[in-house]
Amino acid sequence: MTRDIRSLQRLLKAQDLKTRATEAQLGTLKIRLGELHAEEESCLALLQNQSFAVGLLSRSLTKRMAGLAARKENVARRISETEEKVKLETLRSDKVQEWLDHAEEHAEEERLAEVAQDDVANKIHTSG
């Protein structure tokens with residue numbers, strides 16, 4: 001039973017590490033989305049404030065903004081997927097914690113039963 005508890009404890013620790021790594025990845029993705037948004041805003045400001053070389057600059061910036069929009073969409077999709085992954089990993093961690101709690105409770109019950117059995121055996125031995 002102790003081996004099962006240790007195995008569940010290792011599983012819980014590994015799952016927690018995986019969840020933290022995924023949460024860190026989510027944070028990085030959110031930062032990247034913010035950077036892309038800022039760059040998009042910069043492009044938009046350039047488009048709105050520049051009157052010289054309108055044709056060339058406009059085409060170039062429009063292409064760049066289209067690329068940024070596609071990249072933003074990709075990052076936003078990855079954020080959504082990663083958030084779902086975090087939720088699933090958290091649920092898995094919760095389930096492993098339940099298993100660990102149950103295993104520890106069962107081990108304690110077995111230990112108490114053994115102690116009680118030893119007490120009865122000792123009483124029989126000393127009274128007999």
Side-chain angles (χ1 to χ4, degrees):
M1 199 63 177
T2 302
R3 193 175 82 212
D4 291 342
I5 291 171
R6 282 189 295 234
S7 178
L8 287 170
Q9 287 170 333
R10 283 191 303 273
L11 179 60
L12 179 60
K13 185 176 182 179
Q15 185 61 48
D16 286 344
L17 289 173
K18 187 175 180 181
T19 299
R20 279 186 277 213
T22 304
E23 287 171 337
Q25 180 184 15
L26 176 60
T28 301
L29 288 170
K30 286 182 178 181
I31 289 169
R32 182 63 183 136
L33 181 61
E35 292 169 349
L36 290 170
H37 181 70
E39 187 174 349
E40 182 182 50
E41 291 293 328
S42 174
C43 287
L44 187 57
L46 283 173
L47 273 175
Q48 292 171 344
N49 296 326
Q50 298 300 321
S51 59
F52 67 93
V54 172
L56 180 61
L57 185 59
S58 179
R59 282 191 298 275
S60 174
L61 290 174
T62 300
K63 284 181 185 178
R64 186 172 176 188
M65 286 184 64
L68 287 170
R71 289 169 39 204
K72 277 180 54 181
E73 185 177 315
N74 184 39
V75 171
R77 180 187 47 80
R78 288 176 51 204
I79 285 172
S80 177
E81 291 169 355
T82 306
E83 286 173 338
E84 284 302 312
K85 193 174 177 183
V86 166
K87 286 178 190 174
L88 288 174
E89 289 171 0
T90 300
L91 287 173
R92 286 186 192 118
S93 291
D94 292 347
K95 185 52 90 175
V96 170
Q97 184 66 52
E98 284 179 35
W99 293 340
L100 177 60
D101 292 346
H102 179 71
E104 288 173 340
E105 183 180 303
H106 186 67
E108 181 64 15
E109 288 171 0
E110 285 183 358
R111 187 189 68 75
L112 291 174
E114 288 174 7
V115 168
Q117 189 176 14
D118 289 346
D119 286 348
V120 169
N122 285 339
K123 287 180 182 174
I124 292 172
H125 180 68
T126 56
S127 65

Taking side chain to side chain contact (heavy atoms under 4.5 Å, CB included) as the test, write out the residues that go with D94, two or more places apart. T90

Residue pairs fulfilling side-chain hydrogen bond (donor to acceptor under 3.5 Å, both in side chains) with at least one residue in residues 60-72, sequence neighbours excluded: E39-R64, E40-K72

When you measure from the side chain of S42 to the backbone of A38, do you find a donor-acceptor pair of N or O atoms at a distance under 3.5 Å? no

For E108, which residues count as a salt bridge (Lys or Arg N to Asp or Glu O under 4.0 Å) partner, sequence neighbours excluded? R111

Which residues share a side chain to side chain donor-acceptor pair (under 3.5 Å) with H102, sequence neighbours left out: none

Using the rule that Ile, Leu, Val, Met, Phe, Trp and Tyr join whenever any side-chain heavy atoms are under 4.5 Å apart, tell me whether L68 and L61 fall into a single cluster. no

Side chain to side chain contact (heavy atoms under 4.5 Å, CB included) partners for S80, two or more places apart: none

Listed partners of S93 passing side chain to side chain donor-acceptor pair (under 3.5 Å), at least two apart: D16

Value for CG (L100) from NZ (K95), rounded to nearest 0.5 Å, stands at 13.5 Å

Residue set satisfying side chain to side chain contact (heavy atoms under 4.5 Å, CB included) with E109, at least two apart, ordered chain then number -> E105, H106

Could you tell me which residues satisfy side chain to side chain donor-acceptor pair (under 3.5 Å) with K85, sequence neighbours excluded, listed by chain and number? none

Regarding K87 and E84, does a basic nitrogen lie under 4.0 Å from an acidic carboxylate oxygen? yes

May I have the list of side-chain donor-acceptor pairs in residues 3-13 shorter than 3.5 Å, sequence neighbours left out?
none

Atom pair OG1 (T2) and CD (E104), whose distance is rounded to the nearest 0.5 Å: 10.0 Å

E73 atom CD: more than 12 heavy-atom contacts under 6.0 Å: no

Hits for side chain to side chain donor-acceptor pair (under 3.5 Å) against Q97, two or more places apart or cross-chain, chain-then-number order -> D101

Decide whether I79 and L36 are clustered together by the hydrophobic rule: side chain heavy atoms of Ile, Leu, Val, Met, Phe, Trp, Tyr closer than 4.5 Å, transitively. yes

Under a side-chain separation threshold of 4.5 Å, the hydrophobic residues clustered together with L17 are none

Could you list the donor-acceptor pairs under 3.5 angstrom formed between side-chain atoms of residues 25-33 and any protein atom two or more places apart in sequence or on another chain?
from: T28; atom 1: OG1; to: A24; atom 2: O; distance (Å): 3.1
from: R32; atom 1: NH1; to: E35; atom 2: OE1; distance (Å): 3.4

